[in-house]
Enquirer: 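Here's a structure for you.
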Amino acid sequence: MAQEIDQGYDPKEVEPKWYAAWEENGCFEGEVEEGKEAYSIMIPPPNVTGILHMGHVLDNTLQDIFIRRARLEGKSTLWFPGTDHASIATQNKVEQALRKEGKSRRDIGREKFLERAWQWSEEHGGIILKQLRKLGASCDWRRTTFTMDESYERSVRAAFVKLFERGYIYRGKRLVNWCPASQTALSNEEVVMKPQKGKFWKMRYELVDQPGRCLEISTTRPETIMGDTAVAVHPDDERYADLVGKKVWRPFPRAEIPIIADRAVEKDFGTGALKVTPAHDQVDFEIGKRHDLPVIDVMNPDGTLGEAAGPEFAGMDRFEARKKAAQKLEELGLLVDTEDYENNVGFSERADVPIEPRLSEQWFLKYPKVAEAKRAVEKGMINFHPKRWEKVYLNWLNNIQDWCISRQLWWGQRIPVWYRKDADRTDSANWHVSVDGPSDPESWIQDDDVLDTWASSYLWPFATFGWPNTDEKTLKELAHFYPTSTLVTGFDIIFFWVARMVMAGLELYGEDKESLTDEEIKARIPFKDIYMHGLIRDAQGRKMSKTLGNSPDPLDLIEKFGADGLRFGIINIAPSGSDILFAEERIDIGRNFCNKLWNACRFRQMNGPVDANLSLDAIVERIKASPLDGYSNWILQRLLDTTREIESQFAKFELHQLSHTLYNFVWGDFCDWYVEASKALLKDKEDPRCTMALAVSDLVIRQSLQLLHPIMPHITEELWHAMGYCEEGDFLQNAVLPSAAELSDKLAAGGIAVDAAAAVQVEGVKELISKARAVKAEYNLASKRDVTLFVTPADAASSAVVRENLDTIKKLAGAEAIELRDAVDGAPGSVCSLGTVYLDLSSAIDVEAEKERLGKELEKLDKAIQAGSGKLNSPNFVNKAPAHVVEGARKQLAETQAKRDEIARLLASL
RNA sequence: GGACGGGUAGCUCAGUUGGUUAGAGCAACUGGUUUACACCCAGUAGGUCGGGGGUUCGAGUCCCUUCCCGUCCACCA
């Protein structure tokens with residue numbers, strides 16, 4: 001029930017109270033509601049051990065806005081929360097902790113390590129979910145899922161088995177991206193290229209059958225010389241045509257290697273001769289395959305040189321070995337020259353060390369349903385917002401390569417493949433692939449590796465519901481909530497996650513099929529819309545990072561601005577899909593806006609009881625009691641416009657406009673004009689116009705709170721109750737938000753005809769008031785509230801409008817009296833559409849200053865007239881432009897001319 | 001090398017299908033305490049819309065070209 005509103009909004013009092021109440025009352029619980037449209041969002045699961053940062057604030061505020069809006073529209077909603085085990089990131093953290101104790105994971109073994117990791121994830125896990133609650137996130141927390149929950153893991157294994165059985169998953173010995181720090185294979189997406197300064201060594205290899213004759217070769221990696229098994233030149237390179245088929249001496253270990261011809265070599269690069277190291281370079285590996293070259297792996301998994309590198313190098317770090325190899329070339333007299341060189345080197349995204357191409361046995365996924373994944377987007381079954389991300393997505397799919405999904409890590413879902421003990425692992429006859437493992441486990445050994453994290457989270461949209469279980473609950477919920485409605489995420493994981501989820505859904509959500517029809521695609525896609533937001537950066541545009549210390553703790557910001565203030569603030573500065581420059585001052589607006597809204601309600605409450613607000617009908621009934629005055633008509637018109645605008649912004653996924661539209665309406669229209677104007681009516685509580693103004697305020701506030709609720713849930717809930725819009729124990733979200741059309745109909749049905757044309761008149765009154773204020777300010781009388789104003793109306797209609805709004809004008813312009821006159825001379829004035837408004841100041845007028853002011857205005861109008869008449873005098877414009885544009889230009893010119901004449905007259909009268 | 005995004009007021013950004021004299025918030029400046037709010041009110045100033053060319057009656061908006069900034073993809077050893 002309604003309660004008194006205190007002075008000053010204190011989010012600390014309000015926010016925790018309502019969050020607790022919502023949770024206790026199951027406000028966020030998403031259940032299948034037959035007959036209602038479903039709306040669901042899957043949270044992009046944050047890392048289990050992560051803590052909330054500004055990116056999460058943005059991402060989750062957006063999701064909460066979507067889901068709360070859907071709730072207000074009366075949909076059957078579900079926001080599904082959870083966390084990701086983040087295999088490599090979490091394992092790194094646990095290993096770091098171990099290292100502090102002077103241990104490595106191999107010292108303690110897999111079992112003990114996993115114990116530690118679980119302990120770690122339980123200690124830190126869930127912190128972020130608690131923080132999300134502080135932000136007001138309305139997730140159905142009962143459903144919180146962790147990607148290493150037993151049920152989720154079963155889904156992951158089931159997916160693996162299905163993909164394996166369908167031939168998409170295979171095991172192969174390939175050159176993969178190897179991270180020597182984490183000692184695991186990585187996917188191409190986990191490798192980032194960075195420019196590195198290094199050296200380019202030119203060396204010479206002597207021909208075996210022509211001692212003294214040498215072939216010059218350039219390299220950036222002399223430490224792999226020991227793994228060279230050929231030298232390659234381009235087949236069309238005339239310089240070397242006679243050498244192909246001959247042999248050169250590899251300097252160390254000294255051995256004969258062939259000179260071969262291969263098109264992969266660039267003639268014009270370096271010397272045009274390439275040392276071929278099949279074990280340590282992708283291109284070389286391909287060449288090696290084509291020419292059947294031996295593969296010599298000279299490196300250990302940890303990035304040190306191996307036995308094959310020879311005793312001098314074995315055990316040495318790869319970068320040490322590089323220097324040493326160069327030195328050795330020099331000693332042997334084989335070094336021609338050395339130059340500084342910058343090239344791009346692949347780094348492990350996580351560990352930030354250069355990766356090594358490394359030959360190893362791994363599991364790969366040949367992506368399924370690539371064509372369908374493209375079609376889904378091309379045909380608009382899945383829509384990116386903003387649309388431009390479509391291209392990025394399609395481009396990736398067009399160049400897609402098989403995905404290395406095995407990781408030599410322990411923390412994660414272990415690959416559900418078992419090998420028969422003491423049998424040949426490379427022979428698939430000795431494999432067992434299943435969800436539950438072999439029935440005679442003692443005869444088998446499970447694969448050591450775990451899956452790439454993304455090879456589990458790509459199932460998130462349906463595995464969370466229990467897929468592939470076929471129990472009633474799972475099927476019913478999936479039928480209702482899948483495909484989910486909107487995916488909200490950053491563009492940085494468009495390949496890692498978004499595209500892979502699409503393919504996983506298309507392949508796995510349904511029967512095994514070679515290809516899919518459009519109807520089948522629609523049923524299988526994981527989401528229909530993708531809202532891509534930008535990355536949060538600091539005020540200088542730098543990425544936020546711990547080391548830079550430019551990453552504010554959202555909890556501090558919530559403490560300072562309130563969750564609602566932070567939410568509004570972050571939404572307000574988030575442009576459509578590009579990077580967001582964050583600075584704390586930019587959040588001020590959110591806190592200030594909360595306070596403004598709060599005080600608007602407080603003001604309303606101070607002017608009368610709010611005991612007849614329980615339903616929209618009750619409020620409409622009260623408005624009916626007396627005819628609308630101009631301002632009330634105007635604000636209702638603006639309310640309908642605003643409601644419509646917000647509808648369109650949601651429909652078009654233009655969320656960056658929401659906060660601006662609502663801020664302008666609540667602050668600019670309602671508080672600055674309607675509330676101020678209504679003060680004239682509120683003086684006399686017995687006046688029916690007072691009752692009407694209060695009822696109109698109640699309607700505007702009610703609708704505004706609903707429109708704002710998705711952005712600022714706590715304060716709107718508090719005010720919803722304080723303003724008596726619902727019974728105790730009920731919640732804002734249970735009142736269905738009327739659409740602009742519904743609201744308009746409801747008003748019409750109640751006999752309240754909102755008149756758009758009359759609303760325009762009010763714009764004229766506002767203009768007159770602003771002009772009057774400006775003239776007063778010019779004479780340093782802005783705060784004087786007892787001046788006399790003269791108005792010379794433009795015509796009879798204007799005169800009537802001014803008369804009707806006399807009280808309001810007096811109140812808002814700060815005048816004691818307003819006199820309508822036919823002509824005024826020698827007073828400072830300002831021309832507006834309703835007429836000219838003058839300040840009664842004949843005695844004290846500063847003629848020079850006034851002349852200057854009017855002169856400036858005159859100049860501006862002259863320019864406009866010149867442009868306008870020029871346009872209208874041109875037959876081209878009059879003949880070619882559409883009639884309404886010409887008409888508009890004529891009207892505009894006439895008005896401007898009238899204004900100009902009036903100002904000229906004013907000037908003359910001085 | 002390929003693709004995309006951006007360049008509009010001191011700063012951060014809006015600006016629908018081309019159509020009045022290009023907007024907002026912050027900052028600045030001036031003046032204030034009015035039936036709520038100094039987390040406030042009123043007012044002022046500030047822009048040749050990156051440069052050049054074109055299409056058009058008309059361009060911040062469309063086309064071409066060019067210069068900056070940023071991102072992604074590719075990777076010549």
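First the proteins, then the strands, lettered A, B, ... as listed; each starts at 1.
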Enquirer: Closer than 4.0 Å, any side-chain N/O of K275(A) to the OP1 or OP2 of A77(B)?
Expert: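 No, outside the criterion.
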
Enquirer: Parallel, tilted or perpendicular, judged at 30° and 60°: which one describes the rings of Y663(A) and F593(A)?
Expert: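 Aromatic pair Y663(A)/F593(A) classed tilted.
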
Enquirer: Roughly, in whole Å, what's the span from NE2 in H660(A) to C1' in G25(B)?
Expert: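 From H660(A) NE2 to G25(B) C1': 7 Å.
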
Enquirer: Centre of Y631(A)'s six-membered ring, under 6.0 Å away, within 45 degrees of the axis: is that where NZ or CZ of K766(A) sits?
Expert: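 Judged by the rule (NZ or CZ under 6.0 Å from the ring centre, within 45° of its axis), K766(A) is not positioned above Y631(A).
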
Enquirer: Using whole Å, what does the distance between atom P of nucleotide A14(B) and atom OH of Y663(A) come to?
Expert: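 Distance check: Y663(A) OH to A14(B) P gives 18 Å.
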
Enquirer: For atom CD of E342(A), decide whether the heavy atoms of other residues, nucleotides or ligands shown that lie under 6.0 angstrom number more than 12.
Expert: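 Enclosed.
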
Enquirer: Is the ring pair W389(A)/F491(A) parallel, tilted or perpendicular, if the boundaries are 30 and 60 degrees?
Expert: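 If you compare the ring of W389(A) with that of F491(A), the planes turn out parallel.
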
Enquirer: For atom C1', what is the distance between G19(B) and G43(B), given to the nearest Å?
Expert: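 Approximately 31 Å lies between the C1' atom of G19(B) and that of G43(B).
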
Enquirer: Which whole number of Å gives the distance between the P atom of U35(B) and that of G31(B)?
Expert: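 U35(B) and G31(B) have their P atoms separated by 23 Å.
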
Enquirer: Roughly how many Å is it from CD in Q657(A) to P in G23(B), rounded to a whole number?
Expert: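 About 16 Å, once rounded to whole Å.
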
Enquirer: Can you find a heavy atom in the side chain of L655(A) that is under 4.5 Å from one in the side chain of Q649(A)?
Expert: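 No, every pair of side-chain atoms sits at 4.5 Å or beyond.
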
Enquirer: Rounded to whole angstrom, note down the C1' distance from U61(B) over to G1(B).
Expert: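 32 Å, rounded to whole Å.
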
Enquirer: Between A77(B) atom C1' and I259(A) atom CD1, what is the distance in whole Å?
Expert: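 Distance check: I259(A) CD1 to A77(B) C1' gives 17 Å.
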
Enquirer: With rounding to the closest Å, how many angstrom separate the P atoms on G50(B) and C13(B)?
Expert: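 So the two P atoms sit 15 Å from each other.
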
Enquirer: In whole Å, measure the gap between the C1' atoms of G15(B) and U21(B) for me.
Expert: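 Rounded to whole Å, the distance is 16 Å.
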
Enquirer: Looking only at atom C1', what distance separates G60(B) and U8(B), rounded to whole Å?
Expert: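 Result for the C1' pair: 7 Å, nearest Å.
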
Enquirer: Could you write out each protein N or O paired with an N or O of nucleotides 39-47 of chain B at a distance under 3.5 Å?
Expert:
from: C39(B); atom 1: O4'; to: N592(A); atom 2: OD1; distance (Å): 2.9
from: C39(B); atom 1: O2'; to: N595(A); atom 2: OD1; distance (Å): 3.2
from: C39(B); atom 1: O2; to: R591(A); atom 2: O; distance (Å): 3.2
from: C40(B); atom 1: OP1; to: N592(A); atom 2: ND2; distance (Å): 3.4
from: C40(B); atom 1: O3'; to: K596(A); atom 2: NZ; distance (Å): 3.3
from: C41(B); atom 1: OP1; to: K596(A); atom 2: NZ; distance (Å): 3.0
from: C41(B); atom 1: OP1; to: W667(A); atom 2: NE1; distance (Å): 2.5
from: C41(B); atom 1: OP1; to: D672(A); atom 2: OD1; distance (Å): 3.4

Enquirer: Roughly how many Å apart are G53(B) and U17(B), using the C1' atom of each and rounding to a whole number?
Expert: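 Taking atom C1' in both U17(B) and G53(B), they lie 25 Å apart.
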
Enquirer: For the C1' atoms, the ones on C26(B) and on C62(B), what distance do you get once it is rounded to whole angstrom?
Expert: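 Between the two C1' atoms, the distance is 33 Å.
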
Enquirer: What is the distance, rounded to the nearest whole Å, between atom CG of D10(A) and atom P of A36(B)?
Expert: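 That distance rounds to 21 Å.
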
Enquirer: Check the distance between U71(B)'s C1' and I536(A)'s CD1 and give it to me in whole angstrom.
Expert: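 Result: 17 Å.
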
